[in-house]
Amino acid sequence: MMVAPAISTFERYLTLWVAACIVVGIGLGHLLPSVFAAIAATEVARVNLVVAALIWLMIIPMLLKIDFGSLGSVRQHWKGVGVTLFINWAVKPFSMALLGAFFIGHLFAPYLPSGEGPSYIAGLILLAAAPCTAMVFVWSNLLDGEPTYTLGQVALNDIIMVFAFAPLVGLLLGVTSIAVPWDTLLISVALYIVAPVIIAQLLRRKLLTGGPDRLARLLDVLGPVSLGSLLTTLVLLFGFQGEQIIQQPLVIAMLAVPILVQVYFNAGLAYWLSRRFGVAWCVAGPAALIGASNFFELSVAAAISLFGLNSGAALATVVGVLVEVPVMLSIVSIVRRSKDWYEKGVAA
């Protein structure tokens, strides 16, 4: 049986730090809008370069753990791969369409701006149709998840996304021609996957020439840096939208409801299916997280290109960005706490 990963004092109170960062981000975004606007403007094809640098600091520690010679072992985790593909492409977009129609098109419709309902629902669908890339490495690392599976699953999702995103969105939105923001998609994959993987593998090779202890010492140093970068990213994300949150708190809260329901539903379904199929916990955790999370850069860019910068669709995708980090951290906590329950079910 695997030994549960040790939790540092800092990680133990991570929920508290996350809550503080949300409050600080909203407050700073309101008090210093020009500063956050300047940071937000440092982007290429709607990919923010400051956030990209922080994500590098978050994901490189996990990528350093991957021995590319062992990537062939991903075949051993084919059940976990199958579960995640099923959730990402057969469940998530369609469940979000249903949840959007129920909550935004029906339950909350009287309280939302007139005529914006269809645009909000479109944004929610765009969010659900793009499975997450880089941030999954952060969640998997916090779980001490299987790194080769995580990298293999993310790479496979990226390949599928190139071919399936436009047809899937077109089907659900009833739009005959979807303009995929290829520049955002390709730059995001290059920045968040290809470049850090290459850097991490070159650094890993160099460190291992001095023995495994050198790599272990660097990982010990990078652990707190990674978490610090995560919290800084959270401050920035909420700071970017500080004015929106203060001006439209009720709209944002209502848009968050179907996103929250969908994320917890998909994560729970992926985790339960993994248990039923006997998937190892170190794979089931990342599988649940990959199944539930979203590629928000792509969804925001697609919403802006299809419906405009100030559209309800763009706002809905931005709410997904705000919800992503705190919600995924809560799922990390649930998966860690349920490890004994999970492994008893697999053993049985």
Side-chain angles (χ1 to χ4, degrees), residues 83-132 135-136 139 157 161 164-175 178 241 244-245 248-274 287-300 302-304 306-307 311-331 334-335:
V83 166
T84 309
L85 290 178
F86 171 70
I87 298 297
N88 278 158
W89 299 106
V91 176
K92 190 151 74 85
F94 301 96
S95 63
M96 181 59 95
L98 292 173
L99 290 168
F102 173 71
F103 285 106
I104 305 304
H106 175 67
L107 190 63
F108 298 150
Y111 311 103
L112 291 167
S114 178
E116 287 289 347
S119 183
Y120 291 142
I121 295 171
L124 294 175
I125 290 171
L126 285 167
L127 188 69
C132 188
M135 291 300 289
V136 166
W139 316 138
N157 269 343
M161 191 157 37
F165 179 76
L168 187 58
V169 169
L171 172 67
L172 291 171
L173 296 185
V175 180
I178 297 294
Q241 302 301 325
Q244 285 269 36
I245 294 170
Q248 304 185 73
L250 184 59
V251 171
I252 288 172
M254 287 187 286
L255 288 172
V257 171
I259 297 173
L260 288 170
V261 172
Q262 191 239 18
V263 168
Y264 285 118
F265 169 73
N266 286 318
L269 180 59
Y271 198 49
W272 177 77
L273 287 173
S274 296
L289 294 162
I290 296 171
S293 56
N294 304 301
F295 186 177
F296 49 78
E297 292 88 359
L298 177 61
S299 60
V300 170
I304 292 172
L306 284 171
F307 300 99
S311 64
L315 178 62
T317 57
V318 167
V319 175
V321 178
L322 300 180
V323 167
E324 174 92 359
V325 176
V327 172
M328 296 309 292
L329 285 170
S330 72
I331 293 174
I334 293 169
V335 170

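We count residues from 1, following the sequence as given.
For the residue pair A288 and A270, the shortest heavy atom distance occurs at CA-CB, 3.7 Å. The two residues G291 and T84 have their closest heavy-atom pair at N-CG2, 4.0 Å. Between T317 and S299, the closest heavy-atom pair is CG2-O, 3.6 Å.
A heavy-atom distance below 4.5 Å is not found between the side chains of Q262 and L124. Proximity of N157 to W89: side-chain heavy atoms (C-beta onward) are separated by under 4.5 Å at one or more points. With a 4.5 Å cut-off on side-chain heavy atoms, V321 and N294 do not count as touching. Under the 4.5 Å side-chain criterion, counting only non-hydrogen atoms from C-beta, L126 is in contact with F165. No side-chain heavy atom of V257 sits under 4.5 Å from any side-chain heavy atom of F102. Considering only heavy atoms from C-beta on, C132 stays 4.5 Å or farther from F296 through its side chain. Proximity of F295 to V300: side-chain heavy atoms (C-beta onward) are nowhere separated by under 4.5 Å. Residues I121 and M96 fail the side-chain proximity criterion, which asks for heavy atoms closer than 4.5 Å.
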Test V323 against M328 for side chain to side chain contact (heavy atoms under 4.5 Å, CB included), laying out the working first. CA-CA 8 Å; V323 167; M328 296 309 292; over 6 Å; no

Let's go through M254 and L107 carefully: what are the C-alpha distance in whole Å and the side-chain angles of both, what is the deciding distance for side chain to side chain contact (heavy atoms under 4.5 Å, CB included) to 0.1 Å, and is it a yes or a no? CA-CA 10 Å; M254 287 187 286; L107 190 63; over 6 Å; no

Side chain to side chain contact (heavy atoms under 4.5 Å, CB included), that's the test. Do Q248 and L315 meet it? Break it down for me. CA-CA 10 Å; Q248 304 185 73; L315 178 62; 4.0 Å; yes

Report the C-alpha distance between V91 and F265 in whole Å, list the side-chain angles of each, state the deciding distance to 0.1 Å, and finish with yes or no for side chain to side chain contact (heavy atoms under 4.5 Å, CB included). CA-CA 10 Å; V91 176; F265 169 73; 3.9 Å; yes

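The ring pair (Phe, Tyr, Trp, His ring centres under 6.0 Å) analysis of residues 104-131, with sequence neighbours excluded, yields the pairs F103-F108.
Looking at S119, its side chain does come within 3.5 Å of a backbone N or O of A313 through a donor-acceptor pair. Listed for the K92 side chain is a donor-acceptor partner under 3.5 Å among the backbone atoms of A128. Judged by distance alone, with hydrogens and angles left aside, the side-chain atoms of N88 form a donor-acceptor pair with the main-chain N or O of I290 at under 3.5 Å.
Annotation: the span from L255 atom CG to L260 atom CG amounts to 11.0 Å, rounded to 0.5 Å. Here the straight-line distance linking atom CD1 of I259 with atom CD1 of I252 works out to 10.5 Å at 0.5 Å rounding. Between atom CD of residue E324 and atom CH2 of residue W139 there is a gap of 6.5 Å, rounded to the nearest 0.5 Å.
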